[in-house]
Protein chains: 2
Amino acid sequence: MFSRACEYGLRAALYLASLKHNGYVSIREIGERLNISVPFLTKIFQKLTQAGLMQSLRGPSGGVMFARSPEEITLFDVIVAIDGPDLFTECVLGLPGCGEAAPCPLHDHWKEVRTPIRDLFASTTLADMARRIQEARLRLTA
Amino acid sequence: MFSRACEYGLRAALYLASLKHNGYVSIREIGERLNISVPFLTKIFQKLTQAGLMQSLRGPSGGVMFARSPEEITLFDVIVAIDGPDLFTECVLGLPGCGEAAPCPLHDHWKEVRTPIRDLFASTTLADMARRIQEARLRLTA
DNA sequence: CCGTTTTAGGATAAATGTATCTCTAAGCCG
DNA sequence: CGGCTTAGAGATACATTTATCCTAAAACGG
Ligand code: SF4
Ligand code: SF4
């Protein structure tokens, strides 16, 4: 479904949102907490900052933090920033230039399920998830 | 979503189902018809025959054909034979051993959408698709 | 200003997925 | 049987993803 990088990015974003700590958090701390390779996670956060979702600061007491409120960042935003929009635009058979005009046989069935997927991720904010994590002690790591 | 191999396998299976020609069809013919690398497609059909979905015959007038009626083969069968069941069992955050017992924060939302996806593919047979292809001249290739 | 900490960015290595190649085995035909 | 055709299977190349490494740039703290 998602690339490993995207899974890591989602877990890291959910972890940060659950902290309720406004200020920079170092990537090393996040990686160690979630058992994710710190150098790899650094690359992922670079994408998130370049996409404008996070902002970063170097040096001691530096790290990464949300560029806007977790209330205004959806899972969709994170996914697209890391994996690109292909999952929500390209489609099951991978045919070039497909769509309503020249549909493949699956099109009618598939569009009924692709939209709910997109809506789910587009309507769920990091803050929503953070509330769930705190209420039910849900886990982000093994 | 699916691997390229799985996309090719689905397209090939749908093509065969749409033929209404009971008998062996050579992989070379399928590959050339659908613009898919013939050696790679051969590998994919090896998986489908090993999974018991197709049967094969070597030599002239050989090729591959369905091992049981296209009415009894679902898209789910093809997907699992090629990509494995991970898409339908493993889940969004890729956490090991996740599930109802130790859910991640997305679990409740995600299960509402994963089941429809699985049902869609599990309830659609190759014969269903073949009918749609013939009725509406739907395409399988660029 | 200098040493330390931390992200940024590019280069490199390992692993996986995609595609090709070669040889074998099976089947057909004369 | 001998030559041709086709799938099977393993080895090999290529591409992409995943992960690591190294040097720089920015920030802080003495
Ligand atoms: S389902 Fe629709 S959008 Fe997806 S490959 Fe088929 S025609 Fe294209
Ligand atoms: S949604 Fe459920 S099954 Fe999927 S990773 Fe989260 S806990 Fe596991």
When the distance from [atom1] of [X] to [atom2] of [N] is rounded to whole Å, what number comes out?
X: B:I27; N: C:dA19; atom1: CD1; atom2: P; answer: 16 Å
X: B:F40; N: C:dC21; atom1: CZ; atom2: C1'; answer: 15 Å
X: A:Q46; N: C:dG10; atom1: CD; atom2: C1'; answer: 10 Å
X: A:K43; N: C:dA11; atom1: NZ; atom2: P; answer: 10 Å
X: A:K47; N: C:dG10; atom1: NZ; atom2: P; answer: 14 Å
X: A:L53; N: C:dT7; atom1: CG; atom2: P; answer: 17 Å
X: B:D83; N: C:dG17; atom1: CG; atom2: C1'; answer: 11 Å
X: B:R4; N: C:dT20; atom1: CZ; atom2: C1'; answer: 16 Å

Check your understanding: Reading DNA chain D 5' to 3', which nucleotide is the first, and which the last, to come under 4.0 Å of any heavy atom in chain B?
Key ->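 Endpoints of the contacted stretch of DNA chain D: D:dT5 to D:dG10.
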Review point. So, is A:Q50 near the phosphate of C:dA8, with a side-chain N or O under 4.0 Å from OP1 or OP2?
Key: no
Review point. According to a strict under-4.0 Å criterion, is A:T49 in side-chain N/O contact with OP1 or OP2 of C:dA8?
Key: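 Affirmative; the distance criterion is met.
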Practice item. Check every strand shown and say whether B:Q55 touches a base, only sugar-phosphate, or nothing at a heavy-atom separation below 4.0 Å. Key: nothing
Practice item. Please work out whether the ring planes of B:F40 and B:Y8 are parallel, tilted or perpendicular, with thresholds of 30° and 60°. Key: perpendicular
Quick one, [X] and [Y] - any side-chain contact, counting heavy atoms below 4.5 Å?
X: A:F66; Y: A:N22; result: no
X: B:L106; Y: B:L93; result: yes
X: A:L41; Y: A:V38; result: no
X: A:L14; Y: A:L75; result: yes
X: A:I30; Y: A:F45; result: yes
X: A:V64; Y: A:L48; result: no
X: B:V25; Y: B:L16; result: yes

Using residues 109-116 of chain B as the side-chain source, report each donor-acceptor pair under 3.5 Å to any protein atom, sequence neighbours left out, with the distance given to one decimal.
unit_1	atom_1	unit_2	atom_2	d
B:K111	NZ	B:E100	OE2	3.3
B:R114	NH1	B:T89	O	2.9
B:T115	OG1	B:K111	O	3.0

Practice item. Specify the angle, to 10°, made by the local axes at the two ends of the helix from C:dC1-D:dG30 to C:dG30-D:dC1 when five pairs are taken at each end. Key: 10°
Point to revise | Residue closer to the 5' end of DNA chain D, B:S56 versus A:P39 (nearest nucleotide) | key: B:S56
Review point. Reading nucleotides 23-30 of chain C 5' to 3', which nucleotides get B (base under 4.0 Å from a protein heavy atom), which S (sugar-phosphate only), which -?
Key: --BBBS--
Please report, to 0.1 Å, the donor-acceptor pairs under 3.5 Å made by any side chain of residues 119-129 of chain A, with sequence neighbours excluded.
unit_1	atom_1	unit_2	atom_2	d
A:S123	OG	A:D119	O	2.8
A:S123	OG	A:L120	O	3.4
A:T124	OG1	A:L120	O	2.7
A:T125	OG1	A:A127	N	3.4
A:T125	OG1	A:D128	N	3.0
A:T125	OG1	A:D128	OD1	3.4
A:T125	OG1	A:D128	OD2	3.1
A:D128	OD1	A:R131	NH2	2.9
A:D128	OD2	A:T125	N	3.0

Point to revise | Audit row: A:V78, A:I73, side-chain contact (heavy atoms from CB on, under 4.5 Å) steps and yes/no | key: CA-CA 8 Å; A:V78 177; A:I73 301 177; 4.3 Å; yes
Revision key, fill the gap. From the candidates C:dA11, C:dT20, C:dT6, the one with an atom nearest any side-chain atom of B:S37 is C:dT20
Check your understanding: If you look only at pairs with a residue in residues 44-58 of chain A, which of them pass as a side-chain hydrogen bond (donor to acceptor under 3.5 Å, both in side chains), with sequence neighbours excluded?
Key -> A:Y24-A:Q55
